[in-house]
**Student:** 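Mind having a look at this structure? Questions to follow.
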Amino acid sequence: MELIFLFPLFISLAVVSGWSDNKVRTFKKDFLFGAASSAYQVEGAWDADGKGESIWDRYFHSNPELVADNSDVDTAADSYHNYERDVEMLRELGVDYYRFSIAWTRILPTGRSHNINEKGVQYYNNLIDELLKYNIQPMVTLYHFDLPQKLQDLGGWTNPLIVGWFEDYARVVFEKFADRVKYWVTVNQPSSCVMAYGEGVIAPGVVFNGVGEYLCIKNMLLAHAAAYRLYEKEYKKKYKGSVGIALELNWSDPINNKTANVEATDRYKQFTLDLYLHPIWSKQGDFPSLVKEVIAKKSREQGFKRSRLPVLSSEEKQMLKGSADFIGINHYTTNLVKPSKAQYIVPSFNDDVGVELSYRKDWMQAKSPWLRSAPYGLYKLCLYINKHYDYPKVFITEHGWSTSQALWDNSRVENLRGYLKALLFAIEDGTEVIGYTAWSLMDNVEWNAGVSERFGLYEVDFDSKEKTRTARLSALVYKRIIEKRIVESDWTPTNLDINISNKEGRVEL
Ligand code: PNW
């Protein structure tokens, strides 16, 4: 692998990881700290109390061998029965909010809104009320990968009618919970469309490279906008909440300064960042022109009569533009980029982007093969967003690190500290960050990886009937950061005992 580096990359590494000055940077009092999970990954109880089947239920039940470690994904961390303990953990950490998602099929078993499952509604009422009892704000994600199977039977995210189905679902959720929920995330990571409807390597496993993913992306963005507009029109005045979308926004740099690598990196950014940001936050709206041109040209050369990237009508562009109160940033890692040789399936998203990714060998490696620690990437991502989209409000809706099961998770602590320091630099340089969300509150079903890659601040003993949760070192360090509002480089507790955090200094929202 080529590892010759760009001069600017060196500079930014020095600025962000060198921390050459001795200035102590603090998180202001009103900066929010939280932790996250998602329904499928923690709840279990996949068919309890009238819950309908989701695409992940179907996907794993029909192909059990796809769960890498053969773990019990149907039970997961059993948060359906353990939500009180989950809230207790949040109180131990002293966080301001909990980001969790609603399982569409728990509330609407068939996906359609004519049939509401009140027991499912009750579960989320219980969770929300338990959080609020302790002054922890709920941040609710409407959709985190678990589509009702019934809707998948009609094409799922590739069917444009899903925009309406999602709006109807959002209305039910807002009617039931908007009186108590002030932070909303419509959809999590439309970039997952590539694996879900292009490569078919996650649920629903539709292999339709180069076509399916773009239909999914368009419809998911429009579904987001429909939910945003609904809230704006019918709930915002009364409840004054904010609504955003969570995007997977990782950083990338050219592997070296050769023009071809710089160009490839620009293209990669447009396909992985601007594809989602541009329709919502740019003045012009629409998909980025480079993305439109590349896909249109390739489609023509491949014999298609029209571009594989569907167009956005002027009405759709209008609906999307400005349809968010904040950018939810899910940031995990950084990649180095060079152009690819002809090596991908034609047509496919990867062939359209046309790059090959690598990384620096000295970037710490997580348990997940795709995940390496390069904190400067978060800093540079924030600056990129500020430059291109004029200093929008951002919420770090996810950032995290995977390890083995161990409780003394020193690598997670190092990763957490590094990224929070980078975030403090980004804030100092003008980024408007509302809050930071650690992924994840607890170990959970890491999709196809089962429970073999642990992301939790709390370990979950999946072999125990109770799914016992135990604080890791990172939980204590995170708690301390939240209390002190600074990132110390060397604090280590002598043991892993953790108590309910006292709420002094906690902001009233
Ligand atoms: C997120 N990447 O997915 C999801 O929102 C979570 O459900 C998931 O558990 C978590 O991150 C950890 O994987 C991502 O390749 C998957 O950079 C892959 C990437 C980023 C986010």
Side-chain angles (χ1 to χ4, degrees), residues 34-43 54-56 59 67-69 71 73 76-77 79 99-103 139-147 185-196 198-199 201-203 213 220 244-252 268-269 271-273 276 327-337 349-350 353 355 357-359 363 365-375 377-378 381 395-403 412 415-416 419 436-458 460:
S37 71
S38 89
Y40 182 77
Q41 295 179 274
V42 299
E43 283 179 5
S54 81
I55 53 174
W56 280 92
Y59 183 67
V67 186
D69 61 350
S71 49
V73 292
S79 282
R99 176 177 174 229
F100 62 93
S101 79
I102 288 180
M139 177 191 242
V140 173
T141 306
L142 293 175
Y143 181 75
H144 199 124
F145 301 176
D146 49 353
L147 188 73
V185 172
T186 53
V187 296
N188 187 65
Q189 295 189 186
S191 58
S192 65
C193 290
V194 176
M195 290 199 279
E199 300 163 351
V201 294
I202 59 172
E213 61 276 69
M220 207 183 273
I245 177 172
L247 302 175
E248 177 193 346
L249 304 176
N250 288 320
W251 185 245
S252 53
Y268 183 68
K269 286 198 178 77
F271 270 87
T272 56
L273 309 178
Y276 311 101
I327 305 178
I329 299 180
N330 293 357
H331 180 87
Y332 284 86
T333 198
T334 287
N335 293 293
L336 299 178
V337 180
F349 178 84
N350 281 336
V353 187
V355 305
L357 303 177
S358 62
Y359 52 90
W363 288 346
Q365 169 76 55
K367 186 87 196 293
S368 312
W370 53 271
L371 181 49
R372 285 166 203 89
S373 193
L378 176 57
L381 172 73
F395 221 128
I396 308 299
T397 35
E398 277 179 40
H399 162 260
W401 184 253
S402 57
T403 59
R412 180 173 292 102
N415 175 265
L416 175 70
Y419 277 82
Y436 167 89
T437 323
W439 181 272
S440 175
L441 174 61
M442 70 195 114
D443 291 341
N444 55 58
V445 175
E446 176 57 13
W447 310 111
N448 295 18
V451 302
S452 63
E453 298 168 14
R454 306 290 185 110
F455 277 87
L457 297 170
Y458 280 75
V460 174

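Order of appearance sets the numbers: ligands from 1, and atoms from 1 within every ligand. Position 1 is the first residue of the sequence; numbering continues from there. All values below were derived from every heavy atom in this structure, side-chain atoms included, with hydrogens, water molecules and symmetry-related copies excluded. Everything numeric here is computed off the predicted structure, so don't read it as measured data.
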**Student:** Go through ligand 1 atom by atom and flag the ones less than 4.0 Å from a non-hydrogen atom of Trp447.
**Tutor:** 6 (C), 7 (O), 8 (C), 9 (O)
**Student:** So which protein heavy atom does atom 21 (C) of ligand 1 come closest to, and at what separation?
**Tutor:** Gln189 OE1, 3.4 Å
**Student:** Nearest heavy atom to atom 11 (O) of ligand 1: which of Tyr332, Trp370, Trp401, Trp439 does it belong to?
**Tutor:** Tyr332
**Student:** Starting from atom 4 (C) of ligand 1, locate the nearest protein heavy atom and write down its residue, its atom name and how far away it is, to 0.1 Å.
**Tutor:** Glu398 OE1, 3.4 Å
**Student:** Are any of the N/O atoms on Ser38, whether in the backbone or the side chain, positioned under 3.5 angstrom from an N/O atom of ligand 1?
**Tutor:** no
**Student:** Taking the six-membered ring of Trp401, is NZ or CZ of Lys367 closer than 6.0 Å to its centre and within 45° of its axis?
**Tutor:** no
**Student:** Which atoms of ligand 1 sit under 4.0 Å from any heavy atom of Phe455?
**Tutor:** 12 (C), 13 (O)
**Student:** Return the residue, atom name and 0.1 Å-rounded distance of the protein heavy atom closest to atom 9 (O) of ligand 1.
**Tutor:** Glu446 OE1, 2.6 Å
**Student:** With the side chain counted from C-beta on, respond yes when Leu142 and Val185 share a heavy-atom pair under 4.5 Å apart, and no when they do not.
**Tutor:** no
**Student:** Determine yes or no for a side-chain-to-main-chain donor-acceptor pair under 3.5 angstrom, with Asn250 supplying the side chain and Tyr332 the backbone.
**Tutor:** yes
**Student:** Which pairs, with at least one residue in residues 439-454 and sequence neighbours excluded, count as a salt bridge (Lys or Arg N to Asp or Glu O under 4.0 Å)?
**Tutor:** Asp443-Arg454, Asp443-Arg472
**Student:** Should Asn444 be counted as touching ligand 1, given the test is an N or O pair under 3.5 Å?
**Tutor:** no
**Student:** Who pairs with Tyr268 by side chain to side chain donor-acceptor pair (under 3.5 Å), at least two apart in sequence or on another chain?
**Tutor:** none
**Student:** Stepwise, does the side chain to side chain contact (heavy atoms under 4.5 Å, CB included) test hold for Phe395 with Ile327?
**Tutor:** CA-CA 6 Å; Phe395 221 128; Ile327 305 178; over 6 Å; no
**Student:** Can Arg412 and Thr403 be counted as having a side-chain donor-acceptor contact under 3.5 angstrom?
**Tutor:** yes
**Student:** Which heavy atom of the protein is the closest neighbour of atom 17 (O) of ligand 1, given with residue, atom name and distance?
**Tutor:** Asn250 ND2, 2.7 Å
**Student:** For ligand 1, is there an atom lying under 4.0 Å from some heavy atom of His144?
**Tutor:** yes
**Student:** Relative to ligand 1, is Leu371 under 4.0 angstrom through side chain, backbone, both or neither, heavy atoms considered?
**Tutor:** neither
**Student:** Given 3.5 Å as the limit, does a donor-acceptor pair link the side chain of Thr334 with the main chain of Ser252, or not?
**Tutor:** no
